[in-house]
2 protein chains.
Amino acid sequence: MGTAADSQGTRKGHKTYQQIIMHIRGAISSGELRPGDRLPPETELARSLGVSRPTVREALKVLEAFNLLESSTGPTGGTFIRTLSGAGVADSLKDSITLLLDVDELTLEELWAAREAIETRAVGIAAARRTEQDLATMWRTIESDEYREFDDYFPDITFHRAIADASGNRLLSLFMLSIHLTLRTLAKRYILPSKSKQVSQDQHRLVYEAILDRDEKLAR
Amino acid sequence: MGTAADSQGTRKGHKTYQQIIMHIRGAISSGELRPGDRLPPETELARSLGVSRPTVREALKVLEAFNLLESSTGPTGGTFIRTLSGAGVADSLKDSITLLLDVDELTLEELWAAREAIETRAVGIAAARRTEQDLATMWRTIESDEYREFDDYFPDITFHRAIADASGNRLLSLFMLSIHLTLRTLAKRYILPSKSKQVSQDQHRLVYEAILDRDEKLAR
DNA sequence: CACGAATATTTGTCAAACAAATGTCTTGGC
DNA sequence: GCCAAGACATTTGTTTGACAAATATTCGTG
């Protein structure tokens, strides 16, 4: 068996609501259910699955919490398959990382070091495979007005995301984004001393130019 | 607002069951509820919160799916706070990554490249700050019989985890573990051509000796 | 003393209903 | 004919009450 209990009861699932979770999850994995698709109403789902509505709902609420479904009321409402995105996963991951920090299963130093480690690699990869479009995006984030107004706490995020995206690796981007979201969450709790925006911006321009020159070492 | 919808309704929570999720989650974050603690029975919880039991259950099932709670029946049973661990988060993350792969929001190449990127950094950090105990653990994984019997598909996992652990960064370890769990899951689906175990083992010994010598470049 | 059955407790599931939200349709007025 | 306001229909959200299943404890009996 796995080192930890399998989340979502993906393995055993002898409980009814877990079987339903597996069922719907599998349908999404196989492409049988695609983003935008609408599930039958809960009562009908319950009937067709041969279970009661509360049991169906327990399953739906779990899948909803994992950003796989979304529900709304009304005639045009219902339960819909969400568009799966790294951003959604990163947001969930942010919650988990925040919790680990809260219970001291992780330190702020480790979080920061991980950010540095991943970003360093991402910059290296980005420098090697950058495209004109990536450069344009990065340049825009440095120049734009929106850049400064984006977030009082971490205006950096947009820029760092651009770097991660330029690496062309969506998993690294996901990890980076989750770390940044966590930092932003922390910043909202304890008002961190805001770094000088101008200094930050200058540093960004240096990194940008290094990537422009494909100079991996300098970029790091 | 956030770039993506906040998972678990952490933000708004105008739906009752989401408020309960927030409530319990907050109690765990603040340390009010600690691992091993037992929640009141569902009926009593419902009464004290002023809601119905199905509503309470929808919240509990979500928290259970996130590996924060576990339930069992019987007099000694009930709902308990789980010990939060990176392993649990990594396991959940594995499910999400697997789903992203299924719907082509991620490629196997990106997964593999991310593993390489993170591990490379982890090895570098590990080489710089390795302890005798870390070395002992790594050596044991190379030598032990258990090492070979651990998993038919990826006996590497134990060794790679030892590397990540030696980096002293639990977040990097978490990321690494989630990637390895994903690979193992994929390996179980499609029986991958098994790499030569002896070759793999020899490579591991080389990495080990490099870390022993604190030679960062060679380790990479 | 040992062992099995009754028992108590807690989660798991079911059933039927009402409340809230939200489009759609109808109807009345102009 | 057109438009707006209210009635209506549909779907999720929530409540109530009950029964089933699992399981540790207790009690009774050999």
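Every value quoted in this text rests on a predicted model; they were computed, and no experiment measured them.
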Per-nucleotide protein contact string for nucleotides 16-25 of chain C, where B marks a base within reach and S marks sugar-phosphate only (heavy atoms under 4.0 Å, - for neither): -B---BBBS-
With sequence neighbours left out, write down each residue that passes side-chain contact (heavy atoms from CB on, under 4.5 Å) with [X], or none if nothing qualifies.
| X | value |
| --- | --- |
| A/S52 | A/P54, A/T55 |
| B/T76 | none |
| B/P41 | B/T43, B/E44 |

Nucleotide C/dA15, atom P - distance to CG of A/L49 in whole Å: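 After rounding, the reported distance stands at 13 Å.
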Would you say [X] places a side-chain N or O within less than 4.0 Å of OP1 or OP2 belonging to [N]?
| X | N | value |
| --- | --- | --- |
| B/S71 | C/dT10 | no |
| A/T16 | C/dT13 | yes |
| B/K61 | C/dG12 | yes |

Could I get the full list of side-chain hydrogen bond (donor to acceptor under 3.5 Å, both in side chains) partners for [X], not counting sequence neighbours?
| X | value |
| --- | --- |
| B/E42 | B/R53, B/R57 |
| A/T107 | A/E110 |
| A/S29 | B/D102 |
| B/T79 | B/S71 |

Range on DNA chain D touched by chain B - first to last nucleotide, heavy-atom distance under 4.0 Å: D/dG13 to D/dA24
Of residues 33-40 of chain B, the positions that come close to DNA chain C - non-hydrogen atoms, cut-off under 4.0 Å: B/R38
Distance, nearest 0.5 Å, that separates NZ of A/K15 from CD of A/Q19: 10.5 Å
